[in-house]
Amino acid sequence: ALKNQPQPTVLTAADTLVLTSGDDNTLIQTTGSAYSQGASYNLYAGRVGTNGEGTLRRGAIKFSLTAIPSGSTIQSVTLELYCSNAGSSTSFPIVLKRMTASWGEGSSFAFGGGGAPAESGDATWTHRFYPNVFWTTPGGDFVATVSATKNVTTAGWYTWASTSQLVADVQGWVNAPASNFGWLVQGNETTLKSVKRFDTHEAQPATQPKLTITYTPPAPVLGDLTNDMKVNGADLAVLLGAWGAAGPADLNGSGLVDGADLGILLGAWTGP
């Protein structure tokens, strides 16, 4: 009978989280030595000019999502990048594609798009982690599906607005954190001098990447007094410690923690 005590209604409101990237790098196409930009202020996307032998640059960017509670539902995802050097003012599309393998950000540093010799742990055109872990395909492992597109012209802020695919990407990473490898940032790879430069998390705070995620956290589990989405011995200890008093352990809202609340907790028991 105690399991049928009245239970309070809990409404779950959407939350918004703004993150800066945890890792970002540039995959620099080369035919010989490995180059990278792990600790650089910028990442590049597109094709360089003849001075750089017309080779390609692909950005890689990843955000930690550990602040989003497990079981949350993603509502919208928006990425903002600051283009600090557009080169040509011609408009070129910059696309995001979900990456399918982990990659690294080492200590290589360069001011220009030519990069610097790769350091241990760097992602390069051929390496996921320099010097011994390689991409399946040179240039990065990623899906063909475009998650979002934005045309970039001159320097300034650009926003990749929320799409169903961006939402699906982040939802998948929240559901399976080990699959979060971030996005490839890919530019025009046909036209010479199409490359665009964007600031990374090493740049000044005012121009660092910004990922804005709106999500609905999972509804609280009645009886979960330790906020770990489980009802177990830890919650029982909290309830017994509050016996005879008011507070969060008063699960039926009677104003007092007593046997009725204990019955509700035991009825919701999930175990370890």
Side-chain angles (χ1 to χ4, degrees), residues 19-64 79-88 92 94-97 99 101-135 138-142 150 152 154-158 160 180-189 192-211:
L19 303 167
T20 193
S21 52
D23 296 295
D24 32 45
N25 208 334
T26 302
L27 311 184
I28 300 171
Q29 187 181 38
T30 59
T31 55
S33 301
Y35 286 84
S36 188
Q37 294 193 304
S40 298
Y41 303 139
N42 313 110
L43 64 81
Y44 295 78
R47 187 178 182 187
V48 300
T50 53
N51 288 343
E53 300 181 345
T55 54
L56 305 181
R57 303 292 183 269
R58 293 173 178 173
I61 191 165
K62 176 184 172 183
F63 297 81
S64 172
L79 176 66
E80 296 173 78
L81 296 178
Y82 184 76
C83 178
S84 51
N85 191 334
S88 166
F92 292 112
I94 304 292
V95 303
L96 306 177
K97 296 179 178 179
M99 302 193 76
S102 58
W103 50 274
E105 179 190 80
S107 58
S108 58
F109 179 87
F111 285 107
E119 301 284 351
S120 178
D122 263 324
T124 75
W125 191 259
T126 55
H127 302 86
R128 295 197 288 122
F129 299 94
Y130 183 83
N132 297 319
V133 182
F134 297 88
W135 299 108
D141 297 338
F142 52 91
K150 183 67 179 179
V152 175
T154 56
W157 279 102
Y158 290 87
W160 283 255
N180 179 9
F181 308 125
W183 289 291
L184 187 84
V185 184
Q186 188 175 25
N188 178 297
E189 297 190 342
L192 289 171
K193 296 184 179 181
S194 63
V195 68
K196 305 291 184 179
R197 187 184 80 183
F198 301 94
D199 284 5
T200 64
H201 74 89
E202 288 92 356
Q204 59 178 331
T207 59
Q208 292 173 354
K210 292 190 293 184
L211 185 69

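This chain uses plain numbering: 1 for the first residue, then up along the sequence.
The shortest side-chain heavy-atom distance between M99 and R128 does not fall under the 4.5 Å cut-off. Considering only heavy atoms from C-beta on, W157 comes within 4.5 Å of K210 through its side chain. You'll find the side chain of V95 stays beyond 4.5 Å of the side chain of W160, heavy atoms only. Looking at L184 and L27, their side chains come closer than 4.5 Å, going by heavy atoms from C-beta outward. Using a 4.5 Å cut-off on side-chain heavy atoms (C-beta onward), V48 and R57 make contact. Side-chain contact check for V195 versus R47: every heavy-atom pair is 4.5 Å or farther apart.
Between F92 and K193 the shortest heavy-atom distance is CE1-O, 4.4 Å. When every heavy atom of W135 is checked against every heavy atom of D141, the shortest pair comes out as CE3-N, 3.3 Å. Across A203 and T207, no two heavy atoms sit closer than the pair CB-OG1, 3.8 Å.
With rounding to the nearest 0.5 Å, the separation of OH in Y158 from CG in L79 is 14.0 Å. Taken to the nearest 0.5 Å, the CG atom of L192 stands 7.5 Å off from the OG atom of S194. Considering CG of L56 and CD of Q29, their distance stands at 4.0 Å, rounded to 0.5 Å. Atom OH of residue Y44 and atom CD1 of residue I28 lie 8.5 Å apart, to the nearest 0.5 angstrom. Residue R58 holds its CZ atom at 14.0 Å from CG of L43, rounded to the nearest 0.5 Å. Expressed to the nearest 0.5 Å, how far CG of D199 lies from OH of Y82 amounts to 7.0 Å.
Defined by atom type and a distance below 3.5 Å, a donor-acceptor pair is present between the side-chain atoms of S84 and R197. Side-chain contact annotation: E202 with T200, donor-acceptor N/O pair under 3.5 Å present.
Of the possible polar contacts, one joining the T124 side chain to the H127 backbone as a donor-acceptor pair under 3.5 Å is found. A donor-acceptor contact shorter than 3.5 Å is absent between the side chain of D23 and the backbone of N25. A donor-acceptor distance shorter than 3.5 angstrom exists from the side chain of T20 to the backbone of P209, with no hydrogens or angles considered. With hydrogens and angles ignored, the 3.5 Å screen pairs a side-chain donor or acceptor of S36 with a backbone N or O of A123. Distance alone, capped at 3.5 Å, places no donor-acceptor pair between the K97 side chain and the F142 backbone. A donor-acceptor pair is defined here as one N or O able to donate and one able to accept, closer than 3.5 Å; no such pair exists between the side chain of N85 and the backbone of K196. With hydrogens and angles ignored, the 3.5 Å screen pairs a side-chain donor or acceptor of S40 with a backbone N or O of A110. Between the K150 side chain and the E80 main chain, no donor and acceptor come within less than 3.5 Å of each other.
Annotation: cation-pi geometry not satisfied between K62 and W103 (NZ/CZ under 6.0 angstrom from ring centroid, within 45° of ring axis).
Test S108, P117, P131 against D122 for side-chain contact (heavy atoms from CB on, under 4.5 Å) and you get one pass: S108. Under the side-chain contact (heavy atoms from CB on, under 4.5 Å) rule, F198 has a single partner from D24, V152, T26, I61, which is V152.
Between F134 and F129, the gap from one ring centroid to the other reaches at least 6.0 Å.
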* **Residue pair Y130, Y35: steps toward the side-chain contact (heavy atoms from CB on, under 4.5 Å) verdict** => CA-CA 10 Å; Y130 183 83; Y35 286 84; over 6 Å; no
* Hey, mind stepping through F109 and Y41 against ring pair (Phe, Tyr, Trp, His ring centres under 6.0 Å) and telling me if it holds? -> CA-CA 8 Å; F109 179 87; Y41 303 139; 5.2 Å; yes
